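Every heavy atom of this structure was used, including side-chain atoms; hydrogens, water molecules and symmetry mates were not. If you're wondering where the values come from, they're calculated on a predicted model, not measured in any experiment.
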Amino acid sequence: MSTTTPTAPASAPADDRVANRSALSLFMSMPAVGALIGLVVLVALFMVSAEAFRNISNVGTILYAAATIGIMAIFVALLMIGGEFDLSTGVAVTFSGLAAAHLSWYFGMNVWLGVFLALLLSLSVGAFNGWLLHKTGLPSFLVTLGSFFVLQGVNLAVTRIVTGGVSSNTISDMDGWDSAQTVFASSFSIGPVQIQTVVIYWIVLTVIVSWVLLRTRVGNWILASGGDAAAARAVGVPVTATKIGLFMGTGFGAWLVGMHMLFNYNNVQSGQGLGNEFIYIIAAVIGGCLLTGGYGSIVGASIGALIYGMTNLGISYAGWDVDWLKTFLGVMLIGATLVNMYVKKKADAS
């Protein structure tokens, strides 16, 4: 009687989706890889060419310049990942600071009440942008461009009505000023380095917003809404609420930076903020955000803001002509866009 030995089934081909990837491959697929490489190159360049850049006491100055851009850049990046733009962010910062100053001074109220009302107004502007985008179906470029001009006009006109000039009145002698200044515009020292509280807010918000994007259901909604809004709606993603929330996020960022401006400089100029919206977008794009939405990095946006702060001060420290700063930013924007597209293709292929 013969016996038959069972033949082992042929092994199934390995699934490349679960294959181990090298550390280099993982690094090169990160949305922020271009910003990280650019940061290292800039540090090396300014360390060699600018003696003042090597002074440890200047670290606080560089971080401060980055933080005032970075707080807005992370919310702009989150909005871009959700597939939308906000061109009103620059003047929205000024609007928030002026609102707190004018309301506190004109009505003689506690400064903290003015701060709270300014927060409500900033969130309302963001919510209105998101609502109008949903109701009209217009591109966010047009909706927020309209908001840009509305807020710019309000900043100038209301300031002239309330103060008769182009800047807010001093409110440093009003109730609540000292405590509000401690919260929004105080500083402390770590050795020779002076750190502004706005730097701490920037770092903390970067961590929190990154966690929301990468580890929560809301983050999945944001990525899905930016990648394909129609498909996202089909699987139950609340696209409209998500995008309204993202616009309110930029409103919150504008409020926080606006409060710092007010309590750090004691007044707000009505013409401030023009052009900063493009710097926020540049920082986000340098950090890995695509203009098409659905892809990007919050940490990368913060690195993009750090690159701006380093460049802004590094050019001065090196004794170079500061007129070249905007040219440098334009080159960085184009270069970052090309790098981001390449990284996205490599990541999709992997």
Side-chain angles (χ1 to χ4, degrees), residues 68-103 115 117-160 166-168 205 209 222 225-226 240-262 268-285 289 291 293 296 301 304-305 308 329 333:
T68 53
I69 298 298
I71 288 175
M72 282 304 302
I74 59 179
F75 288 104
V76 168
L78 198 65
L79 181 64
M80 291 177 65
I81 294 170
E84 306 298 342
F85 289 94
D86 191 345
L87 296 180
S88 68
T89 50
V91 292
V93 170
T94 305
F95 169 78
S96 186
L98 288 171
H102 292 338
L103 289 169
V115 168
L117 292 175
L119 173 60
L120 293 181
L121 287 171
S122 294
L123 293 177
S124 297
V125 170
F128 176 77
N129 283 336
W131 174 82
L132 190 61
L133 179 75
H134 167 66
K135 285 297 183 181
T136 63
L138 291 171
S140 54
F141 173 86
L142 291 177
V143 171
T144 58
L145 182 62
S147 298
F148 166 85
F149 284 109
V150 170
L151 292 179
Q152 184 183 6
V154 167
N155 290 345
L156 292 169
V158 173
T159 300
R160 287 193 183 276
V166 295
S167 66
S168 63
L205 283 171
V209 176
I222 294 170
S225 299
T240 300
T242 298
K243 295 197 175 189
I244 290 176
L246 291 175
F247 277 104
M248 292 177 70
T250 62
F252 173 80
W255 169 79
L256 184 56
V257 178
M259 293 308 99
H260 171 72
M261 286 173 49
L262 172 61
V268 180
Q269 300 291 323
S270 58
Q272 283 181 269
L274 297 178
N276 282 353
E277 58 277 354
F278 297 112
I279 297 176
Y280 304 146
I281 292 173
I282 288 173
V285 173
C289 293
L291 303 181
Y308 172 81
L329 290 177
L333 176 62

Between the main-chain N or O of [Y] and the side-chain N or O of [X], is there a donor-acceptor pair closer than 3.5 Å?
X      : Y      : result
Ser96  : Ala92  : no
Ser270 : Val166 : yes
Ser122 : Ala254 : no
Trp255 : Leu121 : no

Any salt bridge (Lys or Arg N to Asp or Glu O under 4.0 Å) pairs touching residues 118-144, not counting sequence neighbours?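 Every pair satisfying salt bridge (Lys or Arg N to Asp or Glu O under 4.0 Å) with a residue in residues 118-144: there are none.
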
Would you mind listing every salt bridge (Lys or Arg N to Asp or Glu O under 4.0 Å) that reaches into residues 72-94, with sequence neighbours excluded?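 Those involving residues 72-94 are Glu84-Lys243.
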
Side chains of Ser168 and His102: is there a donor and an acceptor less than 3.5 Å apart?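 Absent: no donor and acceptor within the cut-off.
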
Side chains of [X] and [Y], heavy atoms from C-beta outward: is any pair under 4.5 Å?
X      : Y      : value
Met80  : Val76  : yes
Phe85  : Ile281 : yes
Leu132 : Leu138 : no
Leu98  : Val158 : no
Val125 : Thr250 : no

Evaluate side chain to side chain contact (heavy atoms under 4.5 Å, CB included) for Phe252 paired with Leu119, printing each intermediate quantity in order. CA-CA 7 Å; Phe252 173 80; Leu119 173 60; 4.1 Å; yes

Can you tell me how far the [atom1] atom of [X] sits from the [atom2] atom of [Y], to the nearest 0.5 Å?
X      : Y      : atom1 : atom2 : result
Phe75  : Leu246 : CZ    : CG    : 10.5 Å
Tyr280 : Ile71  : OH    : CD1   : 9.5 Å
Ile244 : His134 : CD1   : NE2   : 7.0 Å
Thr89  : Ile279 : OG1   : CD1   : 10.0 Å
Thr94  : Met261 : OG1   : CE    : 4.5 Å
Leu78  : Cys289 : CG    : SG    : 8.5 Å

Considering all heavy atoms, the nearest [X]-[Y] contact:
X      : Y      : result
Ala284 : Ala73  : CB-O, 4.3 Å
Gly97  : Leu262 : O-CD2, 3.9 Å
Gly90  : Glu277 : CA-OE1, 3.4 Å
Pro139 : Leu133 : C-CD1, 3.9 Å
Gly126 : Phe247 : O-CB, 3.0 Å
Leu205 : Leu256 : CD1-CD2, 3.6 Å

Output, in order, the C-alpha distance, side-chain angles, deciding distance and verdict of side chain to side chain contact (heavy atoms under 4.5 Å, CB included) for Ser140 and Asn129. CA-CA 8 Å; Ser140 54; Asn129 283 336; over 6 Å; no

Check the pair Ile282 / Tyr308 against side chain to side chain contact (heavy atoms under 4.5 Å, CB included), numbers first and verdict last. CA-CA 9 Å; Ile282 288 173; Tyr308 172 81; over 6 Å; no

Start with the C-alpha gap between Val93 and Met72, add the side-chain angles, then the distance that decides, and say whether side chain to side chain contact (heavy atoms under 4.5 Å, CB included) holds. CA-CA 9 Å; Val93 170; Met72 282 304 302; 4.1 Å; yes

